[in-house]
Asker: 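Before we start, here is the structure in question, set down as structure tokens.
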Amino acid sequence: MARVTLPDGSTLEIAEGSTAKQVAERIGAGLAKAAVAAKIDDKLVDLSTPIANSPRLQIVTPKDKDGLNIMRHSCAHVMAEAICSLWPQTRLVYGPTVEDGFYYDIDLDEPIRPDDFPRIEARMREIAEADKPIVRREMSRQEALEELKGDPYKTDNIQRAEGDVISFYSHGNGFRDLCRGPHVPSTGKVGSFKIMSVAGAYWHGDPTQKMLQRVYGTSWPTKKELDEYLNRLEEAKRRDHRVIGRQLDLFSFSEMGPGFAFIHPKGMIVWNEIVDFMRQLNRKYGYKEIRTPIILNEELWRRSGHWDHYKENMYFCEIDQVGYAVKPMNCPGGCLLYKTTKHSYRELPLRLAEFGMVHRHEASGVMHGLFRVRQFTQDDAHIYCAPNQIEAEIIGVINLIFETYRAFGFEDFNVELSTKPENHIGSDEIWETATNALEAALRHKQIPYKINEGDGAFYGPKIDFHIKDCLSRSWQLGTIQLDFSMPQRFELTYVAEDNAEKTPVMIHRAVLGSMERFLGILIEQYAGALPLWLAPEQVRVLTISEKTNEYAVAVQAKLSEAGLRCGIDLSDEKIGAKIAKSHGEKIPYMMVVGPKEAESNMVSVRMRGSQDSRTVSVEQFLARARQKIAVKTADLAF
RNA sequence: GCUGCUGUAGCUCAGUCGGUAGAGCGCGUCCUUGGUAAGGACGAGGUCCUGGGUUCAAAUCCCAGCAGCAGCUCCA
């Protein structure tokens, strides 16, 4: 007899050599049916695994994260079998799970097209309905290599695999794949699935290697969950800032300048509201503002290190036979400004902010609306300080960053620390000191963080700040980078208390990162229905008929004078059409005025997204609207 | 940059077998003067992405380029 300990602490006597599946059956028929795998002493295994000794045991179902991944991984195998049966010359490479699904990389010269997906899915359904057992077979590494001789991909996989035992899984009509497992017990347990897309992917992600086809699929425990997921994708599509940006006339792109955004008048209103707010915060946190040139002499970029470490991303030009570069970052220009006067320790920390427009040559395939462009404006700043001020300054920046995100309605952040990359300047000691300083600040603020090894900027380590939007998509916004190298390269100095010239430390920071990207993120977060304080047109007066045009114009004038962005619709449309149009343009408030309102000197206010209206005086409305703008709320109700 | 797909009116998209282009929305004019999610009539608007090729004839077929889209790699 053996004894297993279940997750709730209870124990179960079982016959020696019973499988995990049999334990599940002992616990309950429902669990046995739902089970896809088991965890024996925290190790995930197949349900068919015999139990030895007296371990802890947990039955894994697709309700667990682990179970879901196992189900998806098995689904990837079923998809692989389907593809192999349709294209027998297919060579399988690697098929892992990813967030929300899985993919399988295959080597097949004939391109798989979206038109082929229904065929693949149909074959997968056949395989799933057959509900064939998925069987594990183990052999030694040597045997496995022999078995797969001539298959460069799988041979490579074996060589990368850990341990001496190599396992294969097979199911159905002779389909077999090298795989660590575990897998669901049979092909019927791969959930509700759908092939999503196909795209190219390099072998090992290495651009010098062969381009493979990566077929993406998703699978969920139930049809309902699959549909919910597909709806979520639809929702993301509905919020696409590129589409909304065009519909709401906020920005555009032209073939005349790929990756260079045109911000339209309405987009500029949002932009300027954001900038005004950031300026206000900069003042609060003790920053001064500067502005530095877009184009500067090549010599500057050699000195800063950009020439050696960033040249592929830069644009160059010539002025009077002299080489110049378009700035990809604001820091070198800022250093020149710093050097225009002699500085005392009394001035430090010197915090200089700049809404700096930078140009970076991004690869043509990576551009994506406002999220990835070749010209963008950073809400940048550089803090020049003494070494003993570093931690306090970093904490100050962290406070500023969190205050900003909360004001825009983002409450869910996560933080990453990136360390020394291969391509870097400065000594190892400098890097260690800088990295330790960043970690110390994070610990002081008790902020949990993830480490990204080798992901720092070429001049220093960095802390990156990510926010999650309403669809729980993650976006990188802010960054804090600690830099001991640039001040040395530019021979920046300050006079210390002892009258000696010393080198300041430089902290690079951006809060929103890129104004363009942030504008795009806001559009998606609010699906274009921006909070009142950001809305390009905050109110629109809608007339019932021409008879009250005069009163309507007076109302508009009153609201405009009070500082609200107020439009008016005097067209000879019916009121229903005007309301529909205003809703389409996502105007927060509509004020319907007709003879009734004109007579009583009131307005009938209707909110975006609501069917109701309320009749109030213009003054009442103004007071509420002003208050909502002041607190930057997204809630329109009053 | 790489792989695949796409490119027709301001926008979203039809366009059959190769025979010189259509709809809806939007825009303009007029009619309509109305009460909370689209009233009616008429009209203007197109280098069918660009350049080659095949053909009596190309939006349509072929090639190249450009741009966009989905990914890969990279990144704010």
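In this text, all values refer to a predicted model and were calculated from it rather than measured experimentally. Just so it is clear: chains get the letters A, B, ... in the order the sequence lines come, proteins before strands, and each one is counted from 1.
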Asker: Is the phosphate of C74(B), meaning OP1 or OP2, less than 4.0 Å from a side-chain N or O of Arg360(A)?
Answerer: no
Asker: Reckon Ser364(A) has a side-chain N or O less than 4.0 Å from the OP1 or OP2 of G1(B)?
Answerer: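 So the side-chain polar atoms of Ser364(A) do come within 4.0 Å of the phosphate oxygens OP1 or OP2 of G1(B), strictly under.
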Asker: When the distance from CG of Asp249(A) to P of C11(B) is rounded to whole Å, what number comes out?
Answerer: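 After rounding, the gap between these two atoms is 12 Å.
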Asker: Quick one: label Gly365(A) by what it contacts on the DNA or RNA (base, sugar-phosphate, nothing), any heavy atom closer than 4.0 Å.
Answerer: base
Asker: Let's test this: given Watson-Crick or G-U wobble pairing with both distances under 3.5 Å, identify the partner of G1(B).
Answerer: C72(B)
Asker: Over how many whole Å does the gap from Arg238(A) atom CZ to U12(B) atom P extend?
Answerer: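 Taking CZ of Arg238(A) and P of U12(B), I get 17 Å after rounding.
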Asker: Using atom C1' of each nucleotide, how far apart are C66(B) and U47(B) to the nearest Å?
Answerer: 15 Å
Asker: Using a strict threshold of under 4.0 Å (side-chain N to carboxylate O), is an ion pair present between Arg232(A) and Glu235(A)?
Answerer: no
Asker: Under 4.0 Å, counting only non-hydrogen atoms across every strand here, what does Ile575(A) touch: a base, just sugar-phosphate, or nothing?
Answerer: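 If one applies the 4.0 Å heavy-atom cut-off, Ile575(A) turns out to touch the sugar-phosphate alone, with no base involved.
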Asker: Of all the nucleotides listed (G35(B), A76(B), A38(B)), which has the minimum atom distance to the side chain of Ser604(A)?
Answerer: G35(B)
Asker: Distance check needed: C72(B) C1' versus Trp203(A) CH2, whole Å only.
Answerer: 16 Å
Asker: Quick check for you: among U12(B), A37(B), G7(B), whose closest atom lies nearest to any side-chain atom of Arg246(A)?
Answerer: U12(B)
Asker: Verify whether one side chain among Gln481(A) and Thr479(A) offers a donor that lies under 3.5 Å from an acceptor in the other.
Answerer: yes
Asker: Using atom CZ of Phe371(A) as one end and atom P of A70(B) as the other, report the distance to the nearest whole Å.
Answerer: 11 Å
Asker: G26(B) pairs with which nucleotide, Watson-Crick or G-U wobble, both distances below 3.5 Å?
Answerer: none
Asker: For Arg242(A), answer base if it contacts any base atom (sugar-phosphate contacts may also be present), sugar-phosphate if it contacts only those atoms, and nothing otherwise; contact means non-hydrogen atoms under 4.0 Å.
Answerer: sugar-phosphate
Asker: May I ask you to evaluate whether Arg374(A) reaches the phosphate of C74(B), defined as a side-chain N or O under 4.0 Å from OP1 or OP2?
Answerer: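 Result: no.
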Asker: Do Arg372(A) and C74(B) share a donor-acceptor pair, side chain to base, under 3.5 Å?
Answerer: yes
Asker: Measure from the side chain of Val592(A), starting at C-beta and using heavy atoms only, and say which of U36(B), A37(B), G34(B) lies closest.
Answerer: U36(B)
Asker: Answer with base, sugar-phosphate or nothing: what part of the nucleic acid does Gln247(A) contact at a heavy-atom distance below 4.0 Å?
Answerer: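 Touches nothing.
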Asker: If I pick the C1' atom on U3(B) and the same atom on G52(B), what distance separates them, to the nearest angstrom?
Answerer: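 Nearest-Å result for G52(B) against U3(B) at atom C1': 26 Å.
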Asker: State which of U36(B), A76(B), A70(B) makes the closest approach to the side chain of Ser514(A).
Answerer: A76(B)
Asker: Determine whether the aromatic ring centres of residues Phe102(A) and His73(A) are separated by less than 6.0 angstrom.
Answerer: no
Asker: In whole Å, what is the span from the NZ atom of Lys596(A) to the C1' atom of U33(B)?
Answerer: 16 Å
Asker: Write down the partner of G45(B) under the Watson-Crick or G-U wobble criteria, each distance required to be under 3.5 Å.
Answerer: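 Pair assignment: G45(B) / none.
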Asker: Less than 6.0 Å separating the ring centroids of Trp307(A) and Phe316(A)?
Answerer: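 Between Phe316(A) and Trp307(A), which both carry aromatic rings, the centre distance is below 6.0 Å.
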Asker: Does A67(B) have a Watson-Crick or wobble mate here (both distances under 3.5 Å), and if so which one?
Answerer: U6(B)
Asker: Taking the six-membered ring of Trp203(A) (Phe, Tyr or Trp), confirm whether the NZ or CZ of Arg91(A) is under 6.0 Å from its centre and within 45° of its axis.
Answerer: no
Asker: For U3(B) and Gln213(A) - does any side-chain N or O of the residue sit under 4.0 Å from the phosphate oxygens OP1/OP2?
Answerer: no
Asker: Tell me: CG of Asn452(A) to C1' of C74(B), nearest whole Å?
Answerer: 14 Å
Asker: Please pick, from A70(B), A76(B), A37(B), the nucleotide with the shortest atom-to-atom distance to any side-chain atom of Lys462(A).
Answerer: A76(B)
Asker: Hunt down the Watson-Crick or G-U wobble partner of U60(B), both distances under 3.5 Å, from any strand shown, or write none.
Answerer: none
Asker: Under 4.0 Å between a side-chain N/O of His361(A) and OP1 or OP2 of G1(B), yes or no?
Answerer: no
Asker: Which part of the nucleic acid does Lys237(A) contact within heavy-atom distance under 4.0 Å: base, sugar-phosphate only, or nothing?
Answerer: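 Result for Lys237(A) = nothing.
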Asker: Under 4.0 Å between a side-chain nitrogen and a carboxylate oxygen: does that hold for Arg540(A) and Glu585(A)?
Answerer: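 Salt bridge between Arg540(A) and Glu585(A), a charged N being under 4.0 Å from a carboxylate O: yes.
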Asker: Distance check, P atoms only: C75(B) and A14(B), in whole angstrom units.
Answerer: 38 Å
Asker: Would you say G35(B) has OP1 or OP2 under 4.0 Å from some side-chain N or O of Lys574(A)?
Answerer: no
Asker: What nucleic acid atoms does Gln481(A) come within less than 4.0 Å of, heavy atoms only: base, sugar-phosphate, or nothing?
Answerer: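 Answer is nothing: Gln481(A) stays at 4.0 Å or more from every strand.
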Asker: Across all strands shown, which nucleotide pairs with G34(B) by Watson-Crick or G-U wobble geometry, both distances under 3.5 Å?
Answerer: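 Checking every strand shown, G34(B) finds no partner, since no pair has both distances under 3.5 Å.
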Asker: I'd like to know if Asp249(A) pairs up with Lys266(A) as an ion pair, taking the criterion as any Lys NZ or Arg NE/NH1/NH2 lying under 4.0 Å from an Asp or Glu carboxylate oxygen.
Answerer: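 Salt bridge between Asp249(A) and Lys266(A), a charged N being under 4.0 Å from a carboxylate O: no.
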Asker: How would you label the contact of Ala363(A) with the nucleic acid (heavy atoms, under 4.0 Å): base, sugar-phosphate, or nothing?
Answerer: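 Base contact.
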Asker: Among G1(B), A76(B), C31(B), which nucleotide has an atom closest to any side-chain atom of Gln476(A)?
Answerer: A76(B)
Asker: Give a yes or no on whether a salt bridge exists between Asp612(A) and Arg614(A), defined as a side-chain N under 4.0 angstrom from a carboxylate O.
Answerer: no
Asker: Of all the nucleotides listed (A37(B), G35(B), G34(B)), which has the minimum atom distance to the side chain of Pro595(A)?
Answerer: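 Per side-chain heavy atoms of Pro595(A), the pick is G35(B).
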Asker: Check whether any side-chain nitrogen or oxygen of Lys581(A) sits under 4.0 Å from OP1 or OP2 of C25(B), and answer yes or no.
Answerer: no
Asker: Please determine, for the side chain of Asp572(A), which listed nucleotide (U32(B), G35(B), C11(B)) has the closest atom?
Answerer: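 Looking only at side-chain atoms, Asp572(A) lies closest to U32(B).
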Asker: What is the minimum heavy-atom distance between Ala381(A) and Ala353(A), and which atoms define it?
Answerer: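 Residues Ala381(A) and Ala353(A), closest heavy atoms: CB-CA, 3.7 Å.
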Asker: In whole Å, what is the span from the CE atom of Met196(A) to the C1' atom of G4(B)?
Answerer: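 Roughly 17 Å, once rounded to whole Å.
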Asker: What's the gap between U16(B) and U6(B) when it is taken at their P atoms, as a whole Å value?
Answerer: 15 Å
Asker: For Ser613(A) and for Gly478(A), find the nucleotide of RNA chain B with the closest heavy atom, then tell me which residue's nucleotide is more 5'.
Answerer: Ser613(A)
Asker: Glu524(A) and salt bridge (charged side-chain N to carboxylate O under 4.0 Å, His left out): which single residue from Arg473(A), Lys237(A), Arg517(A), Arg242(A) fits?
Answerer: Arg473(A)
Asker: Taking the same atom, P, in G26(B) and in G53(B), what whole-Å distance lies between them?
Answerer: 43 Å
Asker: Using purine N1 to pyrimidine N3 plus N6-O4 or O6-N4 for Watson-Crick, or N1-O2 and O6-N3 for G-U wobble, each under 3.5 Å, what pairs with U55(B)?
Answerer: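 No nucleotide pairs with U55(B).
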Asker: Hey, does the side-chain of Gln375(A) have a donor or acceptor N/O within less than 3.5 Å of a partner on the base of A76(B)?
Answerer: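 In this structure, the two groups form no donor-acceptor pair.
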Asker: Output the rounded distance in Å from OH (Tyr216(A)) to C1' (A70(B)).
Answerer: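 Atom OH in Tyr216(A) sits about 10 Å away from atom C1' in A70(B).
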Asker: What's the closest nucleotide to the Val373(A) side chain, out of A76(B), A38(B), U33(B)?
Answerer: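 Closest of the options to the side chain of Val373(A): A76(B).
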Asker: Can you tell me if Arg606(A) touches the phosphate of A37(B), counting only side-chain N or O atoms and a distance under 4.0 Å to OP1 or OP2?
Answerer: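 Checking Arg606(A) against A37(B): at least one side-chain N or O falls below 4.0 Å of OP1 or OP2.
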Asker: Tell me what Met590(A) touches on the nucleic acid: a base, only sugar-phosphate, or nothing, going by heavy atoms under 4.0 Å.
Answerer: nothing
Asker: Under 4.0 Å, counting only non-hydrogen atoms across every strand here, what does Val366(A) touch: a base, just sugar-phosphate, or nothing?
Answerer: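 Answer is base: heavy atoms of Val366(A) come under 4.0 Å of a base.
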Asker: When you measure only distances, ignoring hydrogens and angles, does the side chain of Glu546(A) come within 3.5 Å of the base of G34(B) through a donor and an acceptor?
Answerer: no
Asker: Looking at the side chain of Pro258(A), which of G68(B), G7(B), U36(B) is the nearest nucleotide?
Answerer: G68(B)
